[in-house]
Amino acid sequence: MTHGARLSNSFRGEWELYVVTDLKSQEWPEHSFGRTGLVPTVQERADALAQLGYVLADGAEWKWQELRTGPMDRVELLASVDVEPKDGAA
């Protein structure tokens with residue numbers, strides 16, 4: 001079973017990665033990179049996903065979106081990719 005992983009700098013301004021599952025959003029697996037600068041590298045994202053128990057789905061690639069929000073037209077970045085559990089379990 002595949003899930004969608006998201007990398008965002010929108011909520012606290014820090015880069016965080018989370019996996020959208022069938023659970024309530026408060027229970028989604030998540031990882032904070034603890035920084036607001038420098039976008040986490042592909043390797044850092046892979047390592048974070050592995051810590052959460054996921055790997056990229058076959059052939060999956062990160063897709064980026066730029067969102068403009070708020071009165072100052074603040075730019076938020078959102079990346080997404082399909083992932084699956086490391087052990088192949090649903």
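Cluster annotation: Leu17 is not connected to Val55 through the hydrophobic network of ILVMFWY side chains, with a link wherever side-chain heavy atoms come within less than 4.5 Å. The hydrophobic clustering, which links ILVMFWY residues whose side-chain heavy atoms are closer than 4.5 Å, places Trp64 and Leu56 together.
What you find for Val81 and Ala60 is that their closest heavy atoms are CG2-CB, 3.7 Å. When all heavy atoms of Ala50 and Lys86 are compared, the pair lying nearest together is O-NZ, 3.1 Å. Across all non-hydrogen atoms, the minimal contact from Arg6 to Leu78 is CB-CD1, 4.0 Å. Closest approach of Arg45 to Phe33, counting heavy atoms only: CA-CZ, 4.3 Å.
Residues passing the side-chain hydrogen bond (donor to acceptor under 3.5 Å, both in side chains) test with Asp47, sequence neighbours excluded: Gln43.
Although no hydrogens or angles enter the test, the distance criterion places no donor-acceptor pair under 3.5 Å between the side chain of Asp82 and the main chain of Thr2.
Screening residues 23-38 for side-chain hydrogen bond (donor to acceptor under 3.5 Å, both in side chains) gives Glu14-Ser32, Arg35-Glu44 as the qualifying pairs, with residues at least two apart or on separate chains. Every pair tested for side-chain hydrogen bond (donor to acceptor under 3.5 Å, both in side chains) that includes a residue from residues 51-62 fails, sequence neighbours excluded, so the list is empty.
Side chains of Leu49 and Val19 form a contact here, defined as non-hydrogen atoms less than 4.5 Å apart. Between Trp15 and Leu77, the closest side-chain pair of non-hydrogen atoms falls below 4.5 Å. Annotation: side chain of Leu7 is in contact with side chain of Pro40 (closest heavy-atom distance under 4.5 Å).
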Can Lys63 and Gln65 be said to form a side-chain contact (heavy atoms from CB on, under 4.5 Å), step by step? CA-CA 7 Å; Lys63 294 182 174 78; Gln65 246 183 315; over 6 Å; no
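If you take CD on Glu66 and CD on Glu76, they are separated by 10.5 Å, rounding to the nearest 0.5 Å.
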